[in-house]
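Bear in mind the structure is a predicted one, so any value in this text is a computation, not a measurement. Worth knowing before you read on, the calculation uses all heavy atoms, side chains too, and leaves out hydrogens, waters and symmetry mates. Counting starts at 1 for both ligands and their atoms, in listed order.
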Amino acid sequence: MGLRMQRGRRPVAGSSLQVPALQLHVSKTAMRASQKDFESALSQVKLLKDPGNEVKLKLYALYKQATEGPCNTPKPGVFDLINKAKWDAWNALGSLPKETARQNYVDLVSGLSSSSDSSSQVKPEADRKQPGYETLVVTYEDSITKIMMNRPAKKNAVTTQMYNEIMLALKAASKDDSAITVLTGNGDYYSSGNDLTNFTDIPPEGIEEKAKSGAILLRDFVDCFIDFPKPLIAAVNGPAVGISVTILGLFDTVYASSRATFHTPFSHLGQSPEGCSSYTFPKIMGPAKAAEMLIFGKKITAAEACAQGLVTEVFPDSTFQKEVWTRLKAYSKLPPNAMRISKQVIRNREKEKLHAINAEEIRVLQERWLSDECTNAVMNFLTRKAKL
Ligand SMILES: CCCCC/C=C/C(=O)SCCNC(=O)CCNC(=O)[C@H](O)C(C)(C)COP(=O)(O)OP(=O)(O)OC[C@H]1O[C@@H](n2cnc3c(N)ncnc32)[C@H](O)[C@@H]1OP(=O)(O)O
């Protein structure tokens, strides 16, 4: 890669559905990997506003599954309504592993906490641009946090600073009182991907060190998307390249302008897939279509991306902004907790796997960055000999 180049609260209401977590009885089976998180969730749950019976049942079931495993008690009689509801909720978890149940419990409590702990919430005023970003414009309006990449003259190429600012903006959005978060681009491009000049500022420690810091940055960046707790929407306003495409598999909804294209030219650049695309793309579009994009760098249109499942819906470019924002404003009025919890239910079982895939992709990529193939490709772009 270019690395070889040297250039220029209130307690949960005490009811007969009160969750066993409140008894603060942690069985030995829960005392493993995420013991600390689990214990902290058990304490946190006491401080929550009453989350309602449905959520309390979920908490009950997950707690039982996490500490005792699959439901092992006789089904209560049909008139024993409350115990039957609790038994049904626990039994519905089937053979869900204890560790997954524990993780789901922690995630559920964390989702509930971020919505109920108003003292820790950032409450941006409507339609106000958030200060402190140089490469982004971050705004809040109609319960939507909009993160707009803002380097239109450079096709919104992602500099090291932009990676860091996107992470900051996502972390803030996960805590603010917005219902949904949208990533989009300013100008004619959504994003041209990694800014290839990122590869040129080699530290005195050498290129290996540069590859190492790049790997950490990319790992943290992708992890932020894997962990983002609220509905995350991409409004792909124009062509998208590289990392801006691969992470789309981690979004909940992807709207595209009819002018958008999707291009992952990793082989051309002597690199390899990232953003968990080695897993999400084959899963979304099937291995054959994914291989054409990720190995052969086939650029696909918005219509093709939609047919292959990467894009949710395509809008005519002339009405893209109007139609997308009308749609998103309507969605943002839905109950935010329900949306967040639904996302958790859909995504949580994959999280651990996605983190492992992210780490593995980056291990491989770090080696590619030190290859001659990558160095030459970046050099050719920077010396204007090659463009995609
Ligand atoms: C932490 C490390 C993470 C690594 C993982 C990420 C991997 C990837 O994202 S791989 C994809 C990398 N991206 C590219 O290879 C795209 C390179 N750019 C191009 O091929 C072209 O610029 C274009 C096809 C995107 C657009 O072409 P065109 O319409 O002709 O516009 P210009 O080339 O004139 O671009 C205007 C301006 O913007 C600069 N620029 C555009 N993209 C990048 C980029 N990715 N990196 C750096 N600079 C970029 C371009 O150089 C022009 O600058 P000026 O000449 O100064 O005006």
**Q.** Phe199, portion touching ligand 1 at heavy-atom distance under 4.0 Å
**A.** neither

Q. Going by the order shown, which atoms of ligand 1 are within less than 4.0 Å of some heavy atom of Ala157?
A. 43 (C), 44 (C), 45 (N), 46 (N)

Q) Does Met148 sit in a hydrophobic cluster with other residues, and if so which ones, taking ILVMFWY side chains as linked at heavy-atom separations under 4.5 Å, directly or through other members? A) Val137

Q. Which ligand 1 atoms are under 4.0 Å away from a heavy-atom of Gly193?
A. 9 (O)

Q | Atom indices of ligand 1, in the order listed, that fall short of 4.0 Å to a heavy atom of Lys155 | A | 29 (O), 31 (O), 35 (O), 36 (C), 41 (C)

Q: Please check if the side chain of Glu361 supplies one atom and the backbone of Ser278 the other of a donor-acceptor pair under 3.5 Å.
A: yes

Q. Counting heavy atoms only, which of His263, Gln271, Lys154 comes nearest to atom 41 (C) of ligand 1?
A. Lys154

Q. What are the atoms of ligand 1, with element, lying closer than 4.0 Å to any heavy atom of Tyr189?
A. 23 (C), 24 (C), 25 (C), 26 (C)

Q: Answer with yes or no whether Phe221 contacts ligand 1, where contact means a heavy atom under 4.0 Å from a ligand atom.
A: no

Q: Mark yes or no for whether Asp142, through its side chain, and Ile144, through its backbone, hold a donor-acceptor pair below 3.5 Å.
A: no

Q) Within the distance-only criterion (no hydrogens, no angle test), does the side chain of Gln65 pair as donor or acceptor with the backbone N or O of Leu96 below 3.5 angstrom? A) yes

(Q) Can you confirm, on distance only, whether ligand 1 has an N/O atom lying under 3.5 Å from any N/O atom belonging to Val241? (A) no

Q | Any donor-acceptor N or O pair under 3.5 Å, side chains Asn156, Asn150 | A | no

Q. Is the shortest N/O to N/O distance between Phe381 and ligand 1 below 3.5 Å?
A. no

(Q) Can you tell me if Ala377 contacts ligand 1 (heavy atom of the residue under 4.0 Å from the ligand)? (A) no

Q. Taking N or O atoms only and a 3.5 Å limit, does Ser192 qualify as a polar contact for ligand 1?
A. yes

Q: Please say which of Tyr255, Phe251, Phe262, Tyr189 ends up in a side chain to side chain contact (heavy atoms under 4.5 Å, CB included) with Val236.
A: Phe262

Q | Within reach of ligand 1, part of Ala153 (heavy-atom separation under 4.0 Å) | A | backbone

(Q) Could you tell me if Asp220 and Tyr163 have a donor-acceptor pair between their side chains, going purely by distance under 3.5 Å? (A) no

(Q) Taking a cutoff of less than 4.0 Å between a non-hydrogen atom of the residue and any ligand atom, is Asn198 in contact with ligand 1? (A) no

Q.
Clusters formed by hydrophobic residues whose side-chain heavy atoms approach within less than 4.5 Å: which one holds Phe296, and what are its other members?
A. Ile295

Q) Backbone or side chain, does any N or O of Asn194 fall under 3.5 Å from an N or O of ligand 1? A) yes

Q: Taking Asn376 for its side chain and Asp372 for its backbone only, find out whether a donor-acceptor pair lies under 3.5 Å.
A: yes

**Q.** ligand 1-proximal atoms of Leu269, by part, heavy-atom distance under 4.0 Å
**A.** side chain

Q. Taking only heavy atoms of Trp369, which atoms of ligand 1 are found under 4.0 Å from at least one of them?
A. 2 (C), 3 (C), 4 (C)

**Q.** Gln161 and Glu165 side chains, donor-acceptor separation under 3.5 Å
**A.** yes

